[in-house]
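A quick write-up on the structure given underneath.
Heavy atoms only: backbone and side chains are in, while hydrogens, waters and symmetry mates are out. Order of the sequence lines sets the chain letters (A, B, ...), proteins ahead of strands, with each chain counted from 1.
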Amino acid sequence: MSQTKQPITTTINQIHQHIDQFVRLQGWIYSKRSSGKIQFLQLRDGSGVIQCVVVKSEVPLEVFSTSEDVAQESAVIVDGIVRKDSRSSLGYEINVQDLIHVSNAPDYPVTHKEHGIDFLLDHRHLWIRTPRQRAILKVRAEVLRAMSNYLDQNGFTRVDPPILTPTAAEGTTELFHIQYFDEEAYLTQSGQMYMEAAAMAMGKVYSMGPTFRAERSKTRRHLIEFWMIEPEMAYFTHEDNLNLQESFLSAVVQQVLEHCEVELTLLGRDLDRLRAVQPPFPRMSYDEAVLWLQKQGRDIQWGEDFGAPDETELANQFDRPVFIQRYPTKVKAFYMQPDPERPEVALCADLLAPEGYGEIVGGSERIHDYTLMQERFSDYNLPNEAYAWYLDLRKYGSVPHSGFGIGLERTVAWICGLEHVREAAAFPRLLYRLYP
RNA sequence: UCCUCGAUAGCUCAGCGGUAGAGCAUCCGGCUGUUAACCGGAGGGUCGUAGGUUCGAAUCCUACUCGGGGAGCCA
C-alpha cells in the first residue's frame, strides 16, 4: 500500500500530467455502477468527470464498504493511481486506494433520467451541476472574457453605470419600481445614457452588467433580468458603429470556438455554423426588408416594426448575422439620429442572429444636436428636469457619437445552440419565477 | 394582457366512465469491466383545488390555482 506516500492533489482536467502517479481528487459522485466485487464511481470535480475503479480484492474492507455507501452527489476525496485505460471514456481512470466520504446526498432529486423544465428550474441550484449546464456556464464566462479582451485591446475603458436610476432610458418598456428612501426609483433597463456621458469623458467606453425589464414576456428569447454589454464611442458614425459590431462579434465567436470546443461539442453545436461568423455581415435596409417580407407573403406595411417571425425569416436567408438598418424614426427610440438626407428613417441597426435567435444587438448613432434633442423631449413628453444632465451632454462639447447594446444571454444561447435563453443564466429570472 | 397546451408515485409518463399502472429513483438481494449497466424482490398515490353531472369520476362539465409554448414588447 502507499499509505506512507503523500498523494499529489490535482484536478481531473490535469490528470493527463499524472499518469501512473499517486493522486488525490476532491469532488462529488456523478454516478455509480457496481458489479459485486468491483465498483465504478464516476467522480466530478468541476473541471471534468473521471471513472474511479474500486476493486474489492485490492483495497481494505472499509474502503470497499465506503464505495458501496456513496451515492449520486455524495462528496468524496479519492486517492489512487492514474491509469491510462481505453475502456474509460476519458482515456484515463483512477485505480482507487483510499476513499474518504466527506458528506452524503440522500435522495438526490436531479437524477440522470428525464426531468421536466418546471422541476429543473425549481432545482436550478442542483441542475447546474450537470455537464450540459456546466458547459453553458463555461461558454458564458468565455463570451464575457472575449468581449472584454476585444474591447480592452481596442482602446475602450470599462465604465459601470448605476443599477438604480431616477428615469427611464427608453420610455417604452415596463420598469421595476423601487422605493429610494422618500422618492421613487427604477432598476436600470439600459446603461446607455450614462455610457454616452462616459464616452464624452473617455472616448471609447463599455459597460457589462445586469438590466431589468418588467415586461410580461414569456418566450424562449426573454428574461426579466439579463446582461447587456453596451459600448459607446465618441466621434463614431453609424457606419463606424456597424463595422465595429461585426468585427467585435466575429472576434468573440472565434475566441469562444478556440477555447470552448469541448463544451460546444458536448452541447451538440454545429461548429461550422460558428466558423462562418466572419466579417463582413450582410446589411439590409429596412426598406429592402419590408419589400422582401411582402414578397414572401407576409402582412407588413412600411412604418411597422418587425415581429419575431419576420425577424426569423429575414435572418434565415444568411449563414451569419445580418444587419437591418435605417428603421422608421417613429418606431425607434427618441435619442436616435435621423438620417440627414431622409429624416423619416433613423441611423440605427438591429443585428439579427441566424437560426431564429432573433435580435442580439441594437445600436444607433445618437442625436448630438441640442435643439433637435430638445424637440424630441417635447415630442415624447419626457420631463426636462429628470433628463437635464442628458441634455447637458449636447450643450458642452457635443460630438457625433454612436453605440450599441448586445444581449448576453441571447448571444450565449445562439453560440451554444440552446432552445431557450433561460439556460444561459445561472439563475434566470423569468416571468412568475423568482426562485431559487 | 391575449391565444394555446398541460397538471396522476420523489422524477418522466400511460390510463380517458366500472376497485390506481410502468420505467427510473429509494430500500433489500445477486453479479470482477460497467458506460443512462444488468437481473430478482419490496415500500411508495385523498389522480392540482373547489363545485357539478352520474348508480359509479383520475376519466365528462364549470370555475379557480399553478406551469409549458407562443403573440405583443423588447436584447
Side-chain angles (χ1 to χ4, degrees), chain A residues 30-42 49-59 64 68-69 71-73 83 85-90 93 95 105-123 126-127 130-131 169-175 189-192 210-230 304-312 331-333 350-353 356-363 404-414 419-422 424-425 430-433 435:
Chain A
Y30 175 61
S31 71
K32 186 171 103 164
R33 287 178 285 274
S34 73
S35 215
K37 297 188 179 64
I38 183 165
Q39 303 259 351
F40 301 95
L41 308 177
Q42 315 300 319
V49 177
I50 193 167
Q51 173 155 284
C52 302
V53 185
V54 190
V55 181
K56 192 168 189 177
S57 59
E58 296 176 8
V59 295
F64 194 77
E68 288 179 313
D69 288 346
Q72 188 188 359
E73 289 305 315
R83 300 281 186 222
D85 197 314
S86 56
R87 290 172 294 186
S88 192
S89 54
L90 190 68
E93 61 180 30
N95 187 246
D107 297 320
Y108 187 74
V110 185
T111 64
H112 299 137
K113 297 289 173 177
E114 282 173 44
H115 295 292
I117 192 63
D118 189 32
F119 178 84
L120 287 172
L121 286 170
D122 281 344
H123 295 83
L126 304 175
W127 185 23
T130 59
E170 317 246 340
T172 50
T173 52
E174 293 293 323
L175 300 169
Q189 59 172 345
S190 163
Q192 183 206 309
T211 53
F212 309 85
R213 309 245 168 126
E215 285 160 5
R216 298 189 183 276
S217 303
K218 207 172 63 166
T219 81
R220 66 166 63 100
R221 299 179 307 280
H222 287 89
L223 292 174
I224 303 302
E225 174 180 334
F226 66 98
W227 273 48
M228 273 211 290
I229 291 76
E230 296 183 278
E304 296 171 1
D305 207 350
F306 301 128
D310 299 322
E311 289 186 349
T312 301
V331 303
K332 286 294 179 182
D350 286 351
L351 185 66
L352 308 182
Y357 285 93
E359 181 185 349
I360 55 172
V361 183
F404 63 93
I406 177 164
L408 178 63
E409 288 80 4
R410 281 190 187 175
T411 304
V412 171
W414 163 54
E419 290 284 305
H420 198 298
V421 288
R422 64 189 162 212
L430 299 155
L431 185 59
Y432 308 133
R433 189 181 281 282
Y435 177 92

- request: Could you let me know what B/A63 is paired to, Watson-Crick or G-U wobble, both distances under 3.5 Å, or none if it's on its own?
  value: B/U49

task: Calculate the interatomic distance between A/Met228 atom CE and B/C74 atom P; express it in whole Å.
output: 13 Å

- line: Hits for ring-ring contact (aromatic ring centres under 6.0 Å, His included) against A/Phe306, two or more places apart or cross-chain, chain-then-number order -> A/Tyr286, A/Tyr327

statement: note: A/Asp310, atom CG; B/G72, atom C1'; distance rounded to Å ~ 12 Å

field: B/U35: pairing nucleotide in any strand, Watson-Crick or G-U under 3.5 angstrom
entry: none

query: When the C1' atoms of B/U59 and B/G48 are considered, how many whole Å apart are they?
result: 15 Å

query: Using the P atom in both, what is the distance from B/G72 to B/U53, to the nearest Å?
result: 44 Å

message: Under 3.5 Å, is there any donor-acceptor pair linking the side chain of A/His222 to the base of B/C74?
response: yes

query: side-chain contact (heavy atoms from CB on, under 4.5 Å) with A/Ala425: which residues, sequence neighbours excluded?
result: A/Arg140, A/Leu223, A/Glu409, A/Pro428

Minimum heavy-atom distance A/Gln51-A/Gln42, with the two atoms named: OE1-NE2, 2.7 Å

- request: Determine the contact category for A/Phe119: base if any of its heavy atoms lies under 4.0 Å from a base atom, sugar-phosphate if only primed atoms, P, OP1 or OP2 are that close, otherwise nothing.
  value: sugar-phosphate

field: Non-neighbouring partners of A/His123 that pass ring-ring contact (aromatic ring centres under 6.0 Å, His included), sequence neighbours left out
entry: A/Phe119

- prompt: Does A/Ser34 reach the main-chain N or O of A/Gln39 with its side chain, forming a donor-acceptor pair under 3.5 Å?
  reply: no

message: Suppose you measure atom C1' in B/U26 against the same atom in B/C64; what distance do you get, rounded to whole Å?
response: 35 Å

- request: Remember a base hit wins even if backbone is also touched, and classify A/Val110 as base, sugar-phosphate or nothing at under 4.0 Å, heavy atoms.
  value: nothing

message: For residues 114-123 of chain A, which residue pairs pass the salt bridge (charged side-chain N to carboxylate O under 4.0 Å, His left out) check, not counting sequence neighbours?
response: A/Asp118-A/Arg433, A/Asp122-A/Arg433

- request: Please round to the nearest 0.5 Å and tell me the distance separating atom CG of A/Asp310 and atom CD of A/Glu304.
  value: 9.0 Å

message: Between B/C47 and B/A57, how many Å separate the two C1' atoms, rounded to a whole number?
response: 11 Å

task: Round to a whole Å and report the spacing from CD of A/Gln72 to P of B/G10.
output: 18 Å

- prompt: Is there a Watson-Crick or G-U wobble partner for B/G17 with both distances under 3.5 Å, and if so, which one is it?
  reply: none

- request: Could you measure between the two P atoms, the one in B/G10 and the one in B/C5, and give it in whole Å?
  value: 28 Å

message: Distance check, rounded to the nearest 0.5 Å: A/Leu408 atom CG versus A/Met228 atom CE?
response: 11.0 Å

task: Would you mind reading off the distance between A/Asp69 atom CG and B/U26 atom P, rounded to a whole angstrom?
output: 13 Å

- request: Tell which nucleotide pairs with B/C73, taking only Watson-Crick or G-U wobble pairs whose two distances are both under 3.5 angstrom.
  value: none

field: Whole-Å C1' distance, B/C39 and B/C55
entry: 47 Å

field: Atom pair distance, as rounded to whole Å: CZ in A/Phe306 and C1' in B/C73
entry: 16 Å

message: Return the pairing partner of B/G44 with a 3.5 Å limit on both distances, Watson-Crick or G-U wobble; otherwise return none.
response: none

message: I'd like to compare against my own output: the B/S/- annotation of nucleotides 27-38 of chain B with a strict under-4.0 Å heavy-atom distance to protein.
response: ----BBBBBBB-

- request: Would you tell me whether A/Gln72 and A/Thr111 have side-chain atoms, one donor and one acceptor, within less than 3.5 Å of each other?
  value: no

query: Say you pick atom P in B/C27 and the same atom in B/U34; how far apart are they, in whole Å?
result: 24 Å

task: Assign A/Leu223 to base, sugar-phosphate, or nothing according to its heavy-atom contacts below 4.0 angstrom with the strands shown.
output: base

field: Nucleotide opposite B/U54 in a Watson-Crick or G-U pair, distances under 3.5 Å
entry: none

So which protein nitrogen or oxygen atoms get under 3.5 Å of nucleotides 65-71 of chain B's nitrogens or oxygens?
unit_1, atom_1, unit_2, atom_2, d
B/G67, OP1, A/Tyr432, O, 3.1
B/G69, OP1, A/Arg422, NH1, 2.6
B/G69, OP1, A/Arg422, NH2, 2.9
B/G70, OP1, A/Arg220, NE, 3.0
B/G70, OP1, A/Arg220, NH1, 3.1
B/G70, OP1, A/Arg220, NH2, 3.0
B/G70, OP2, A/Arg220, N, 2.9
B/G70, N7, A/Lys218, O, 3.2
B/A71, OP2, A/Arg221, NH2, 3.4
B/A71, N6, A/Arg216, O, 3.4

- request: Looking at every strand, decide which applies to A/Asp305 at a 4.0 Å heavy-atom threshold: base, sugar-phosphate, or nothing.
  value: sugar-phosphate

- prompt: For atom C1', what is the distance between B/C13 and B/U32, given to the nearest Å?
  reply: 36 Å

field: Identity of whatever pairs with B/A25 - Watson-Crick or G-U, under 3.5 angstrom
entry: none

- request: Starting from P on B/C74, measure out to CD on A/Glu174 and report it in whole angstrom.
  value: 12 Å

- prompt: Given atom CZ of A/Arg410 and atom C1' of B/C74, what is their separation to the nearest angstrom?
  reply: 6 Å

task: Report yes or no: does A/Arg410 contribute a side-chain atom to a donor-acceptor pair with the main-chain N or O of A/Tyr357 at less than 3.5 Å?
output: no

- prompt: Is there a donor-acceptor contact under 3.5 Å from the side chain of A/Lys32 to the main chain of A/Glu68?
  reply: yes

